[in-house]
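This one's a predicted model, so the numbers in the text were calculated from it and none came from an experiment.
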Amino acid sequence: MCNLIQKYNVPGPRYTSYPTVPYWNLEGFSGRLWKSTVNRVFHEKKEEGISVYVHLPFCERMCTFCGCHKRITKRHDVELPYIKSVLKEWQMYVKLLGEKPKIKELHLGGGTPTFFSPENLSFLVTGILQNASITTNPEFSFEGHPNNTTKEHLKALFNVGFKRVCFGVQDYKATDQKAINRNQTFAHVKQVTEWAREIGYTSVGHDIIYGLPFQQLRDVEHTVLMTQALRPDRIAFYSYAHVPWIKGNGQRGYRDEDIPSGSEKRTQYGTGKKMLEGFNYKNVGMDHFALPNDTLYRALVQGKLHRNFMGYTPSSTRLLIGLGASSISDSWYGFAQNVKNLEEYQNLTANDILPIFRGHILTQEDKLIRKHILELMCQFETILNPKTKKLGAFQHIKENLIEMESDGLILCEGDHLKVTSKGKPYIRNICMSFDLKLYRKKPETPLFSMTV
């Protein structure tokens, strides 16, 4: 096992998209092409519904483990102007589509969505829904910080259709919390979890992290035990992504040697996974666990599990519109990312300009590779089709797969590739075998976190 960790613990993408953002072809992208792909997929899959992600970037304090785009401030007069900009951007997309879309998924992420007042969050969601209808059994969800999510927040969002909430817990050990500047008690988490269930939320999730600075195996075991005591419907059990070259001073409050080694992280994950499965949580995808009656696990069983810029979702939509500064949209034929600077974002929307600053239009090769990576990330298996085998660089893919099969990570039966139990913790590495853009142009500077 140690040899495998040493061999495969390399920088690698998490594959919320393919191609990954650093490998987008910016020269081949334009606002005109982007708009045409949005229109195309919307009218091709109109009855399917669309997904909407809203990025709410404000936080009152810096959590030093975080890799999200955010603005640290205690000024709450920023809320309403930002929401008005988001609604302006949404109106531009509705105008582009030519009619009110059906929303299948709506997710509020951050930052800290519950930085915003309950009244302003209601105003935001109501404004979006005024220009849309919703599908049957929609998935409306938001991310909540246990320390500032009030019962009023939960009621307000429930009243506009939200039935799922995910609370960022991370870790319960005081010294670990201090290192990541995320101090919250079990009592806070218990209170908001119970409020959500009392109000009527059908899925309550907790995010926990392994591999944090100073974190030891016993800390992970303690956090898993405390988490299961509240029996959340979903648990995201993430690996800490150490990328200080991207996130600047936020991840430089501790030394590299304060972070668990690759073998320590693998032990933390393996132990946590075994504990969760012992509590009847089912492993879903790369880093999620769900109770058997949760929609995420049911989607896995039914072969409907999907992965996009919102992470794992229980259903697939071809069109995902990302609203807000730094948000990324996916039209199935292309990707587009909004400007990251808040003032620039608000200025562009005020002038009726979609606030996009980069993107990528997928090639036929991109679509083939994406298919395999999506199937591996969601179902842990894929079938090599004739078009894939005709790719000029297929020999590279084949050689990688032969080596991984020799290491016991995958099982190949003809063209059918299946990830083994031994291989599941290395799913990012297996997907990298198909990543021809990464193969053709190895990064000269750090781009990704380590895969273990």
Check: [Y] main-chain N/O paired with [X] side-chain donor or acceptor under 3.5 Å:
X	Y	value
Lys95	Trp90	no
Glu405	Leu401	no
Gln91	Val86	no
Gln184	Val169	yes
Lys265	Tyr240	yes
Ser329	Gly322	yes
Asp435	Met432	no

We want to know whether [X] and [Y] form a side-chain donor-acceptor pair, criterion being a heavy-atom distance below 3.5 angstrom.
X	Y	answer
Ser261	Ser263	yes
Gln177	Arg182	no
Thr112	His145	no

Between Pro146 and Gly168, which heavy-atom pair has the shortest distance, and what is it?
CD-O, 3.4 Å
Minimum heavy-atom distance Lys437-Pro19, with the two atoms named
CE-CG, 3.4 Å
With a cut-off of under 6.0 Å to the ring centre and 45° to the axis, is Arg40 in cation-pi contact with Trp332?
no
Six-ring centre of Tyr210, Arg266 cation under 6.0 angstrom, axis tolerance 45°
no
With sequence neighbours left out, write down each residue that passes salt bridge (Lys or Arg N to Asp or Glu O under 4.0 Å) with Glu381, or none if nothing qualifies.
none
Results of salt bridge (Lys or Arg N to Asp or Glu O under 4.0 Å) for Asp294 - residues two or more places apart only:
Arg234
Anything under 30° is parallel, anything over 60° is perpendicular, the rest tilted; go ahead and classify [X] against [Y].
X	Y	result
Trp34	Phe29	tilted
Tyr439	His396	parallel
Tyr172	His222	perpendicular

Measure the spacing between OG1 of Thr37 and CG of Leu362 and express it to the nearest 0.5 Å.
9.5 Å
Value for NZ (Lys163) from OG (Ser141), rounded to nearest 0.5 Å, stands at 13.0 Å
Between Thr451, Asp407, Asn429, which is the residue that forms a side-chain hydrogen bond (donor to acceptor under 3.5 Å, both in side chains) with Tyr8?
Asp407
With a 4.5 Å limit on heavy-atom distance, are the side chains of Leu305 and Gln379 in contact?
yes
Answer whether the closest heavy-atom distance between the side chains of Glu143 and His107 falls below 4.5 Å.
yes
Can we say Glu139 and Arg164 salt-bridge, meaning some charged N sits less than 4.0 Å from an Asp/Glu carboxylate O?
yes
Take Glu89 and Asn338 through the side-chain hydrogen bond (donor to acceptor under 3.5 Å, both in side chains) test and state the conclusion after the steps.
CA-CA 10 Å; Glu89 184 187 3; Asn338 285 350; 2.8 Å; yes
Of Tyr53, Tyr18, Phe335, which meets ring-ring contact (aromatic ring centres under 6.0 Å, His included) against Phe309?
Phe335
Could you note down all residue pairs passing ring pair (Phe, Tyr, Trp, His ring centres under 6.0 Å) where residues 286-306 supplies at least one of them, sequence neighbours left out?
Tyr238-His288, His288-Tyr312
